[in-house]
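Remarks on the structure that follows.
These numbers were taken from a predicted model, which means no experiment stands behind them. Chain naming here is simple, since letters A, B, ... match the order of the sequence lines and numbering starts at 1 in each.
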Protein chains: 2
Amino acid sequence: MSGSTDGAKRPTSRDVATAAGVSRTAVSFAFNDPGRLSAATRDRILEVAARLGYRPDPVARMLVQGRTNSLGILLPQDIPQAMENPYYAQFLVGVGQVCHQEGFTLLLVPPLRNSMLDAIPYAAVDGFVVTGLERDRGEVAELERRGVPFVLVDSESDEDVPTVEVDDQAGAAAMMTHLLELGHRDITVLAFEAGPDSVIDAARGPLGRRMAGVDDALDGLGPVASDVRLRVVEARATRAEGYKAGLDILDSDDRPTAVFALSDILAAGVLDAAYELGISVPGDVSVAGYDDQPEAVWLRPRLTTVRQPIEAKGRVAADFLVSAIRGSSRHHHHTLHTALIVRESTATPRKTPVRGTGA
Amino acid sequence: MSGSTDGAKRPTSRDVATAAGVSRTAVSFAFNDPGRLSAATRDRILEVAARLGYRPDPVARMLVQGRTNSLGILLPQDIPQAMENPYYAQFLVGVGQVCHQEGFTLLLVPPLRNSMLDAIPYAAVDGFVVTGLERDRGEVAELERRGVPFVLVDSESDEDVPTVEVDDQAGAAAMMTHLLELGHRDITVLAFEAGPDSVIDAARGPLGRRMAGVDDALDGLGPVASDVRLRVVEARATRAEGYKAGLDILDSDDRPTAVFALSDILAAGVLDAAYELGISVPGDVSVAGYDDQPEAVWLRPRLTTVRQPIEAKGRVAADFLVSAIRGSSRHHHHTLHTALIVRESTATPRKTPVRGTGA
DNA sequence: CTGAAAGCGCTTACAG
DNA sequence: CTGAAAGCGCTTACAG
């Protein structure tokens, strides 16, 4: 019954113009600038358009206007992987706020045939928010070639390109210092590893900076640093993988007195593992996270973590992008700050080794 | 230093053709069908294109090819609200799988000026996945007018339009029956309410069907049904709101023996409230959820809930859409099924009222 | 208030 | 193997 989807093709502005006995110019005005038409003409055109089921073609309009009213998010991984990651969802909340305010839609642009490079030329967007890239990658050159503005997020600072960063190094250092000041000398860092097919270089970017922060804190300790035992374990950033890693770390004669998970989702998994093993947190072991996702405050015990303003990061990046699109002020840089959030999951370690004669 | 973003405008295929001494046809072939050119010509064109920083314009290409290679998700709420909802993230995982497989990007299309209707004509997509709409709304007519395929998700079944549904009524009935069979006769249903600015009709759609399922179970009980005390409370679907509602429901002389939350996120909040109040679950009160989000199994106690295949819903919807775009088989319908997942948060109610002389 | 013309940047039969 | 021409469907100065 609908019929408009099949059969005869969609009516064009020419069809409407003919049927209404006006020019295509008039049809365009009826939709985009009705004030320029007499009421009679306008009404007639609109009526004919309604009868024919006419709508201006959005792509033709984009071509002639030179804008799409849509922002692109260039993803380093495919859409399912991104959407499974609560970090991304939160980041998109921030980007989405700007979209809402400025009337943009949001295009998710995953790698094409496993290549971010290939995806860049095909996306119909007015600009890109780019996550998970370092500045010297070929992708940046391709973006410049593409000729639309873009903003690098969580990349390294760069003079020539707008960036939004978070001082992850300071954040990780603050948490590590917190742990050291509590008296911990046997600490396991649980790092996240890149997902399968990842095109990002995990050693750089946020992970690299957080690890550097860990080292900073150790250095700041002075000569005593040699007393500290530091182990590093990796897991994919899901709660289930955090749980498995947590089991490995905690179910051992030689378990650390503190675990510093480099993302909250991993910390949640470690908490699950501790619960499962009957190991008390923070009594037997301290657990710390990173991100301060909304989830963190609902965990038991409430998670001590490093807050990074993920939503603000998305918002600032999108703001920069929209400014660049609108033609104002090129090359912005902004660094967001982290904060140490001490809740219930960290405490002074027991004096006596847990596996010994007890508390 | 980059220069390509500002100053002179982007080179076009004409510029490349001129510089390489060939026709625009040849330039097009060099990028889209290199086999049709002699190696020498092709290499020369590509080299000149690289030197000039040329890329075919995606929008012009879309116009002439009549496709965008992008799927649209028509949202009933703005992007931040959608991304805050774990249900949506999971749904997008399913849609994203198809995008990945078929090489589509994904455009998030929120209401424009608070109107879904207004957003439809402007999105450059090959089709829409539509959530949160009923069939008789003006939006459906607008979609038909738009002339691209679309699929309605969680809508009512309809002959004329492809739909993907879940038998929510049966799912809710199954849970309610489970509670009744355990012996509960004083049950509070915690329903989710639409967010602010919502354009959806909450009384219909999934919520309405789940409530109908609750009634079905009561009806199935026969004459004893009159012994059942049923209360309904509403809250916005966030954990914090679930927590607040949980406090209200549980911190009372007259609390129910079971709470059936119509979404897991709400159930999680009720669990938080019970924990806060020192009320044992399922000892003092049973708590049930709906959705079986990944989270549910990490809650303590593990949540009894109704599983609905959210990811599959997204996948099936996107599959239908891609088929329609490719021109095959119009008008599909698919109903997905729910399953009762009994875990630890529901049990037989205490015989004696909690506020009485105790167990 | 209204229209004829040019043009957005590309691809695609068609012809040679 | 290569090119001239038409056309995708619209908007926008410009002129009247």
Side-chain angles (χ1 to χ4, degrees), chain A residues 4 8-46 48-49 52-69 121-126 145-148, chain B residues 4 8-46 48-49 52-69 121-126 145-148:
Chain A
S4 67
K9 47 181 31 150
R10 292 182 60 201
T12 69
S13 68
R14 169 169 276 121
D15 298 325
V16 176
T18 306
V22 295
S23 69
R24 283 147 75 215
T25 306
V27 175
S28 179
F29 286 160
F31 281 86
N32 303 315
D33 198 359
R36 294 184 60 170
L37 259 28
S38 70
T41 311
R42 177 181 3 103
D43 291 348
R44 182 155 38 92
I45 295 174
L46 259 17
V48 171
L52 264 42
Y54 169 76
R55 284 291 174 219
D57 181 279
V59 175
R61 177 178 238 157
M62 285 174 184
L63 179 63
V64 72
Q65 294 189 148
R67 60 188 153 75
T68 63
N69 279 316
Y122 292 100
V125 296
D126 293 335
R145 189 172 188 179
R146 174 65 151 80
V148 295
Chain B
S4 66
K9 47 182 29 153
R10 291 182 61 201
T12 69
S13 68
R14 169 169 275 122
D15 297 326
V16 176
T18 306
V22 294
S23 69
R24 282 146 78 216
T25 307
V27 176
S28 180
F29 285 161
F31 281 86
N32 303 314
D33 199 359
R36 294 184 58 171
L37 260 29
S38 70
T41 311
R42 176 182 5 103
D43 290 350
R44 182 156 38 93
I45 294 175
L46 258 18
V48 171
L52 264 42
Y54 169 76
R55 284 290 173 222
D57 181 280
V59 175
R61 176 179 240 156
M62 285 174 184
L63 178 64
V64 74
Q65 294 187 148
R67 59 186 154 76
T68 63
N69 278 316
Y122 292 99
V125 296
D126 293 335
R145 189 172 189 181
R146 174 66 150 79
V148 296

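Among the atoms of the strands shown, none is found under 4.0 Å from any heavy atom of B:Val59. As judged by a 4.0 angstrom heavy-atom cut-off over every strand, B:Phe31 is placed among residues making no nucleic acid contact. B:Arg42 comes within 4.0 angstrom of no nucleic acid atom, judged by non-hydrogen atoms across all strands.
Atoms CG (A:Asp33) and P (C:dT2) sit 13 Å apart, rounded to a whole Å. Rounded to whole Å, atom C1' of D:dG3 lies 11 Å from atom CD1 of B:Ile45. With rounding to whole Å, B:Met62 atom CE is found 15 Å from C:dC8 atom C1'. Rounded to whole angstrom, the span from the CG atom of A:Leu37 across to the C1' atom of C:dC1 amounts to 7 Å. Atom P of nucleotide C:dG3 and atom CZ of A:Arg14 are separated by 14 Å, given to the nearest angstrom. C:dT11 atom C1' lies 18 Å from atom CZ of B:Arg55, rounded to whole Å. Atom CG of A:Leu63 and atom P of D:dC8 are 14 Å apart (whole Å). Atom CG of B:Asp57 and atom P of D:dC8 are 18 Å apart (whole Å).
A:Ser38 pairs by the side-chain hydrogen bond (donor to acceptor under 3.5 Å, both in side chains) definition with A:Thr41, not counting sequence neighbours.
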Per-residue pairing states of DNA chain C in dot-bracket (Watson-Crick or G-U under 3.5 Å; . unpaired, | other strand) read |||.||||||||.|||

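The shortest distance between side-chain heavy atoms of B:Asp57 and B:Thr12 does not fall below 4.5 Å. A:Tyr54 places a side-chain heavy atom less than 4.5 Å from the side chain of A:Val27. Counting heavy atoms from C-beta on, the side chains of A:Val22 and A:Arg44 come closer than 4.5 Å.
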Just the table, please: protein N/O against nucleotides 12-16 of chain D N/O, every pair under 3.5 Å.
unit_1: D:dT12; atom_1: O4; unit_2: A:Thr25; atom_2: OG1; d: 3.2

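Rounded to the nearest 0.5 Å, atoms CG (B:Asp33) and OG1 (B:Thr25) are 12.0 Å apart. With values rounded to the nearest 0.5 angstrom, A:Ser13 atom OG is found 11.0 Å from A:Arg61 atom CZ.
When every heavy atom of A:Val125 is checked against every heavy atom of A:Val148, the shortest pair comes out as O-CG1, 3.9 Å. Contact record, A:Pro58 with B:Tyr122: CB-O, 3.6 Å, taken as the closest heavy-atom pair.
For A:Arg10 and A:Asp15, the salt-bridge test fails: no basic side-chain N is under 4.0 Å from an acidic carboxylate O.
Within the structure, every side-chain polar atom (N or O) of B:Thr41 is placed at least 4.0 Å from both OP1 and OP2 of D:dC1.
Comparing D:dT11, D:dG3, C:dC1 against the side chain of A:Ser38 picks out C:dC1 as the nearest.
DNA chain D is contacted by both B:Gly35 and A:Pro11; B:Gly35 maps to the nucleotide lying nearer its 5′ end (nearest heavy atom per residue).
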